[in-house]
Amino acid sequence: MRSIASLLGRRVLQALLAALFVSSLCFFMVRFLPGDIAFDIASGRYGQEMTTQAAAAEVRAELGLDKPMAAAWLSSVSALARFDLGRSYTLGKPVWGLIREQLGHTLQLSGLAMLFSLLIGPPIGIIAALRPGGLVDRLNLLGSALLRALPPFATGIILIIIFAASLHWLPAAGHTQRGTIILPALTLALGLAAVSSRVVRSAMIDVARSAYFHFPLTKGLPLSTVVLRHGVRNMAVPVIAHLAMQFVYLIEGAIVVETLFAWPGIGHALSHAVRERDIPLIQGAVLVMAILFVLFNMVIDLVLVALDPRMRAG
Amino acid sequence: MKGGCTRRDMLLGAVGLGGLLCGCSPGEQTADREFLIVEASHPTKREPTSAGKFYALMGIAETLVNVDDRGHISTGLALHWEMSADGLEWRFDLRPGAHFHDGTPVTAEPVVRMLERARKRPGVMHVVPIAAIAAHEGRVIIRLATPSALLLPVLAHDSTIILAPASFDAADQAVQVIGSGPYRITGITEQEVAVEAWERWGGVPPAIHRARYLSAARPETRALLSESGQANAVFDLDWPSERRLRDAGHVHIVDIASPRTTLLKLNVGHPFLADLRARQALSLAVDRLAIATGLFGNADRAATQLLPEFFTDWHDKNLPRLHTDVAQAQRLLAELGWQPGADGILLRGDERFALKLLSLATRTDQPLITAALQQQFRRIGVEISVIPCSPAEIVAAHRDGTLELAMFARNHMMVANPVAVLMQDYAKGGADWGAMGWNNPDMIAALQTLASGAAPERAAALRQQIVQTLQAELPVIPLIFNRRIAAFDKRLANVQVDALERSYNMAAMRWAD
Amino acid sequence: MMGGWPRRIAAALLIAIAAFALAGPVLIGLDPAQQDLGRTLMPPGGGDLLGTDNLGRSLLARLAQAAQISFLLALLSVSSAAIAGVSTGLAAAWWGGWMERILVAIADMMLAIPGLLLVFLLIAFAPGEVWLIYAAISLTLWIEYFRVVRATARPILAGSEVQAARLLGFGATYIIRRHVLPEVAPLLLTLMAYGAATTVLAVASLGYINVGIHPPTAELGQMMSEYFPYYRAAPWLIAAPITLLATGLLCLALLASRDKPQ
């Protein structure tokens, strides 16, 4: 159990360091880059029309932009420790409140994308592995290579054109209408499944070569039973280990996919904030997504430990 | 799950789930049908003086008076009004039986409170010389210091929408939007706003009962929302998407003239641009006709003067048109001492004629126009680097004096009388969305005379003087006249698009099927 | 299993794209920003090989410029990241101790931030600045090299061969060149192919959100965003950048995929 504690400790430390890095990076970029940030803040707070030199000077004093560097940095870190992410320049609202709401939407979308990818990727991978070099395997190789070579926004547009604009099966975009989550989730899921199907395939080929897989077959059990009982269990470890890598795709893909589908998650907020140069919102979104990413990985760590007793010892 | 779960089962499961979540069959009753309306802007703010436009467009909040496309004032929350003989006192009678969405009656007190509130904040209210606003025997009384022709247009502007007192917290910050219009808000997020018909609305009950606004920032998302039939009304379409949708024929396209002009704002205080000849040269370099036909397929969109034909009183057909003459532009710049350098860009001493152009990153047509400008300015040896930015950055650059060039589409009918907009934009050395470092006392005097009300003939002469001054002095360079393009569901009847961008006219539309 | 031919084809295609990117702009001889508003949306095969775009610019010239930007940026980012990652990885493995712990902590920390997030974060401060895009991407790419090199080099440096070489008085450079780099080199190629794909995709994503490289410089993501509305009137416009990007990424993925030893 000590190794689990150290595993968790390491992840927590990783998240803390990342948070410190992101906030410090923002802090120093604001200080050193040209352009008067106080103006942006004042315009977010008082409205564009009310932004004056005086208002900007007030913001400057309030933010400590005229304070010595070290003191200002320390106060920014202490604000972070209190979960105080500041106020959005463009919306004038506390960043944490905004992100809390968006986080739910992003989790919803990534959760469904994960589910879809599990429904698509592994089954295809297993079938491909049963006859390596067969038709399914070749089609899978081609399809997965093509999907990986398309940026997520291109996949998304193609899906909208097919399923919404031509077939009228699904709504094109939005959030609250029924079914709007399916196309963005599918866009992300296809990218994930493109890789996971190949990972499952090669894991399954390894499993299929082993004795514990062949023995029950020779005993006369049907293939599907053997695959489910022996195959799936034994290839779970490499496949789940691979999931951790996929979260990168999920989080990066969320930025453009949420924007394209007008899905009100963190990724959409981030791309909007980048265009509007809303630094506190960007910082908050990046921080939360990075911590989310570490948490995902932590869960994967724990699942792997639970699945593979050998890892508990080491 | 024992054994036999095949791939087919899994696939069927996935399809079943999809079908379950989708269920978007078009066969429902028209009364229950939710009307989906799409535009780009985010309904993120509640502050009426800066975000009032959205709540007015949706029919959530009302103004004291309304205005039609031709600029004629009509009734709003006020049903009658009268002006004292000296033109200084205005009395408004409110519509009896009008109720805010929280059930409280719309009386003179909350109206006065809202107008006073707007007066304390920056905005168009300041072009009217208001002395006092008061409630008296159920009427709203506005006293002016001097007579003004702009009072009614300003009272029709969306920054003066009337909200219930409960919309504001103790610090007078707007926390919700409780209006009195035909629709009330039932749900609001950063991205979507759901409304339903307000049962105590005094006018004709809207045929469309439930509606939802969806903000879609990407132009392709908007176009595809219309193309797929998911959205019933999509505003702010780009021209190629409009053409595509029109060809496909599934939706009804409305493409009308807009009072917006896309223009180039120049810092007249900048050493390169201070001399009129430099501004003339830039204007002569622009090939408006090529942009209008090449990019927007419509020669009439070339802005050969600031105000389009939309403004029948202001658009002057006899005005010498802004035209293209590269040779003349080069001559003018040579007179100012500019000589082409090795790379074709003009030099004067150690100065290089290179300028930064701020352009709004979220607008779809702007990158096309700026790309064309870049090329056309290069022909006369002027180098432009385009910086995509947010509106706040243009304002900030104007205020701290670092702005060189900026491009945006200005709505000169933002207030129902263009005098109000011109006064904001061109008086006092300019404004955020108007001139910069430019002053013309004669023109300001003419605007002030118009604002306080002038006899028709005198007014016509003053308007002509103003238009001529703007054309001759070029404090901004007009480029392209905008159009308001929208796509509608063919099942809708009585579709009207408001060029002034004051209303989506949802309450007037109905389902034809 | 599939033999080496897919990878050989991929390498050949990549060389072709690289040649198009590097020599194309010169060979085509057209200014990719040169507009002709009177000749917009011309179909391929007329005066211009690939037709003209919405501003009457040569699509071929724009594609070549976009390929050049993507290609050079990928090359630059990947090689800086490789140099930084390999040297820090070697340093960590060679010296160990505090040096290694600090470097590992930094790498761990950076690993917590998905690459595109960091790119977005940095680019917000100065949209369109190419050096910032380059810096942000390199900053996310070096970690992989660091981790791989450190993991590979540590057992080699602790091994008896290297111990003997050290005792014999051979210097660090010799040992690294002789014993470490030959082991690391094949892995680096894979990493570089992955890194190049990541870079190209990140730049395209920035371009799509309109915060990438400033117009009128052509860039693949921005071209997709700009040409999308014409997908029915002029499908070749949107097809061109997607095809080029997909082919490039496909080839890089094929190069990076190393068949497992049987």
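Quick caveat, the model's predicted, so the values are computed rather than measured.
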Next item on the list: Any chance you could measure B:R218, atom CZ, to A:I157, atom CD1, to the nearest 0.5 Å?
Entry: 7.5 Å
Note to self: With a 4.5 angstrom heavy-atom cut-off, is it the side chain or the backbone of B:T402 that approaches chain A, or both, or neither?
What the structure shows: neither
Notebook entry, point to check: Between CD of B:Q230 and OG1 of A:T180, what distance do you get to the nearest 0.5 Å?
Noted result: 7.0 Å
Checklist line | Side chain / backbone / both / neither for A:I160 at chain B, heavy atoms under 4.5 Å | finding: side chain
Item checked: Nearest heavy-atom neighbours spanning B:H42 and A:H268 -> CE1-CE1, 3.5 Å
Next item on the list: Against chain A, label B:H250 side chain, backbone, both or neither, depending on which of its atoms sit under 4.5 Å from a heavy atom there.
Entry: neither
Checklist line | Gap separating the CD atom of B:E227 from the CD1 atom of A:I161, nearest 0.5 angstrom | finding: 7.0 Å
Margin query: On a heavy-atom basis, which atom in A:A262 and which in B:S215 lie closest, and how many Å separate them?
Written below: CB-O, 3.7 Å
Check: Looking at CZ of A:R178 and CD of B:E34, how far apart are the two atoms once the value is rounded to the nearest 0.5 Å?
Finding: 11.5 Å
Item checked: Interatomic spacing from CD in A:Q177 to CG in B:L36 - rounded to 0.5 Å -> 4.5 Å
Checklist line | Contact class of B:R46 relative to chain A, heavy atoms under 4.5 angstrom | finding: side chain
Note to self: Less than 4.5 Å to any heavy atom of chain B: does that hold for the side chain of A:L167, its backbone, both, or neither?
What the structure shows: neither
Notebook entry, point to check: Hey, what do you get for CD (B:E190) to NE2 (A:H175), rounding to the nearest 0.5 Å?
Noted result: 12.0 Å
Note to self: Quick check: closest heavy atoms across B:T221 and A:T259, and the distance to 0.1 Å?
What the structure shows: OG1-O, 4.3 Å
Check: Does any heavy atom of chain A fall under 4.5 Å from the side chain of B:L214, the backbone, both, or neither of them?
Finding: side chain
